[in-house]
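Quick caveat: nothing in here was measured; it's all calculated off a predicted structure.
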Amino acid sequence: MPSKKSIKNQKYENYWKITLEYSDIFGEPFNNVLQIIVDYIDKYNLKDNGLTKEIYQRLQNTINAIYPKVDMGSTRKSINQFVKLGFVQPYLKDYHKLTKPFLKEQNRDKKQDLFSRIVYENSKFNSSVTEDDNIKQINFLIKTLAYSGPLDEQDLSALISLKDISNISKGFLTREELERQKRYVYTIGFDLRKYNQRSYLYGIAKRLTGVFCRNRVLSIDPENLPDAEEIKSRDPYLHSLYKKALKDESFKIFGKVVCDFKQQEFTSYVASHIKPFHESNIEEQYNLNNGLLLSKDVDALFDKFDITFDREGNILFGKRVSKDLQQEYSLYKLDKRLLNNERLKFLAMHNQKFYEKNKS
């Protein structure tokens, strides 16, 4: 037992607090406990009826009977982690729309993608079964990573030490702000005291699709981020997931990452929207089927509706496209494996705008 003196001298600080009872998102305990919680929410219609002490106790007993803990506090922690990660809402009143797809998904890559969307969009470390909070720490971390570059251990300590990020309206720290906060946490010795919290944060971040961890440094492939113009209006991480998904699709179909139209390799690609980004809702904006992976020259024409593709993948030219370019581009077409029903619906919208622009 700690002495009264050690308790008196203990520092109680306001910082990002997260611990995980189950850290393997593919493991049986993680998925089974989450499934039990979802089943209880549905069975007792907690969305409409609300959570009672009796039902909450019954849920704890059910989980503890399958995965016994040293005490019920650890069982409650295993339930709370799914609230903190964003899979389940506080008071167990509902669950994220991607929670059930996550539970059903057997493909590890797709399951990780779903985990990433849920945690990025909805995780709140200060929430629990009995507390609701709107501060999204992982969202803040990943945006800082996207806007300010790779994050090492000291950078993470600086972020963890932030008492309140709700008043940082831009939603991230600049590199200059990060360096200043690092000097502060070094001065007060915070980084040495919160090693475990930093490790938990690493554990979550490195499980997110598109986030890489090498030598304890987190990074995102800059090629998958929006360019300087786009980053002002687009969510950098959701865009990186969108572009990565297009690259993965290209690799699956062609055996390598290529322009979907020319089927050639390029040094860089554009995740080109079929239905314009600014006209799409958030689900359409980052929907794989509302996109094509194109080379910059093809995207420039496609984006301005100077070219489009018909249901067979053939290219159609607008009146502003030169004869020489028409001759060159006529050698190519979209592979039919790209033309699923959902993508064809988006292409039909693109066709309509193309015809409107190019009518005589």
Side-chain angles (χ1 to χ4, degrees), residues 25 34 38 41-42 47 82 85-89 93-107 109-124 134 136 138-140 142-143 146 171-172 207-211 220 224-227 229-250 252-253 260 269-294 299 302-303 305 308-309 311 334 337-354:
I25 67 172
L34 178 56
V38 168
I41 292 172
D42 288 343
K47 183 176 182 179
F82 293 106
L85 289 176
F87 284 84
V88 179
Q89 291 185 19
K93 56 187 177 184
D94 207 352
Y95 40 79
H96 193 282
K97 61 187 176 183
L98 296 180
T99 293
K100 283 189 173 180
F102 170 86
L103 286 168
K104 292 178 182 177
E105 186 58 63
Q106 297 299 311
N107 180 280
D109 289 338
K110 292 181 179 178
K111 195 175 185 74
Q112 184 178 8
D113 290 346
L114 291 168
F115 173 84
S116 302
R117 285 290 300 268
I118 293 168
V119 171
Y120 178 71
E121 293 175 356
N122 206 43
S123 65
K124 303 166 188 174
N134 290 320
K136 300 179 179 181
I138 284 290
N139 184 285
F140 190 91
I142 298 301
K143 284 184 177 176
F172 63 93
R207 285 175 173 80
L208 302 180
T209 299
V211 176
I220 296 178
N224 286 343
L225 294 172
D227 61 27
E229 289 291 319
E230 295 172 332
I231 205 165
K232 298 174 184 177
S233 61
R234 302 187 183 187
D235 185 297
Y237 183 60
L238 294 182
H239 183 88
S240 75
L241 293 181
Y242 170 69
K243 190 169 185 179
K244 181 182 180 299
L246 286 169
K247 287 181 174 180
D248 290 345
E249 180 186 48
S250 177
K252 182 178 180 181
I253 291 174
D260 284 340
Y269 301 90
V270 179
S272 187
H273 283 81
I274 302 172
K275 181 179 180 181
F277 182 88
H278 65 276
E279 296 180 10
S280 302
N281 61 42
I282 191 167
E283 294 303 323
E284 294 170 332
Q285 287 171 349
Y286 303 107
N287 182 338
L288 168 70
N289 291 306
N290 186 25
L292 292 168
L293 191 68
L294 301 176
D299 169 71
F302 186 71
D303 188 54
F305 303 100
T308 193
F309 305 101
R311 294 184 61 84
L334 292 180
R337 288 172 290 182
L338 292 164
L339 302 177
N340 58 54
N341 289 334
E342 188 174 3
R343 187 171 271 133
L344 285 172
K345 290 179 182 178
F346 283 114
L347 276 174
M349 300 178 197
H350 195 276
N351 292 169
Q352 182 62 37
K353 286 185 173 291
F354 169 83

| task | Kindly state each residue pair satisfying salt bridge (charged side-chain N to carboxylate O under 4.0 Å, His left out) with at least one member in residues 342-352, sequence neighbours excluded. | result | E249-R343

Pairing residues for [X] by the side chain to side chain contact (heavy atoms under 4.5 Å, CB included) criterion, not counting sequence neighbours:
| X | result |
| --- | --- |
| L225 | A146, I220, P236, S240 |
| N134 | K124 |
| F354 | T308, L316, N358 |
| A245 | L288 |

Restricting to side chain to side chain donor-acceptor pair (under 3.5 Å), what partner residues turn up for [X], sequence neighbours left out?
| X | value |
| --- | --- |
| Y120 | D235 |
| Q106 | none |
| K97 | E283 |
| H239 | none |

Just verifying a value: how many Å separate [X] [atom1] and [Y] [atom2], rounded to the nearest 0.5 Å?
| X | Y | atom1 | atom2 | result |
| --- | --- | --- | --- | --- |
| N289 | I274 | CG | CD1 | 7.5 Å |
| D260 | L338 | CG | CG | 4.5 Å |
| L294 | D303 | CG | CG | 10.0 Å |
| L34 | L103 | CG | CG | 4.5 Å |
| E105 | K110 | CD | NZ | 5.5 Å |

| said: Test side-chain hydrogen bond (donor to acceptor under 3.5 Å, both in side chains) on Y242 and N290; report intermediate values, then the result. | reply: CA-CA 10 Å; Y242 170 69; N290 186 25; 5.5 Å; no

| task | Kindly write out the residues that satisfy ring pair (Phe, Tyr, Trp, His ring centres under 6.0 Å) with F346, not counting sequence neighbours, or none if the list is empty. | result | none

| field | Which residues share a ring pair (Phe, Tyr, Trp, His ring centres under 6.0 Å) with Y269, sequence neighbours left out | value | none

| task | Determine, stepwise, if the pair I282 / E121 fulfils side chain to side chain contact (heavy atoms under 4.5 Å, CB included). | result | CA-CA 12 Å; I282 191 167; E121 293 175 356; 5.6 Å; no

Quick check: closest heavy atoms across [X] and [Y], and the distance to 0.1 Å?
| X | Y | answer |
| --- | --- | --- |
| G86 | N122 | O-ND2, 2.8 Å |
| F277 | S233 | CE2-O, 3.8 Å |
| S280 | Q285 | O-NE2, 3.1 Å |
| D94 | V88 | O-CG1, 3.5 Å |
| R207 | Q112 | O-NE2, 2.8 Å |
| R117 | L98 | CB-CD1, 3.7 Å |

| Of the options V270, D299, L246, which is the one that meets L293 in a side chain to side chain contact (heavy atoms under 4.5 Å, CB included)? | L246

| Step-by-step side-chain hydrogen bond (donor to acceptor under 3.5 Å, both in side chains) determination, K247 to N224 | CA-CA 10 Å; K247 287 181 174 180; N224 286 343; 2.8 Å; yes

| For the rings on F309 and H350, is their centre-to-centre separation under 6.0 Å? | no

| query | Between Y95 and F82, does the ring centre distance come in under 6.0 Å? | reply | no

| task | Taking only Lys NZ, Arg NE, NH1 and NH2, and the carboxylate oxygens of Asp or Glu, determine whether K244 and D248 approach each other closer than 4.0 Å. | result | yes

| message | Whether the side chain of T209 engages the backbone of S116 through a donor-acceptor N/O pair (distance < 3.5 Å, no angle test) should be reported. | response | no

| message | With heavy-atom distances below 4.5 Å as the criterion, would you say the side chains of L208 and I138 are in contact? | response | yes

| request: Give a yes or no on whether N341 atom CG has more than 12 heavy-atom contacts from other residues, nucleotides or ligands under 6.0 Å away. | output: no

| query | Got a sec, which residues hit salt bridge (Lys or Arg N to Asp or Glu O under 4.0 Å) with K136, two or more places apart in sequence or on another chain? | reply | none

| request: Take the angle between the ring planes of F87 and F115 and call it parallel below 30°, perpendicular above 60°, tilted in between. | output: tilted

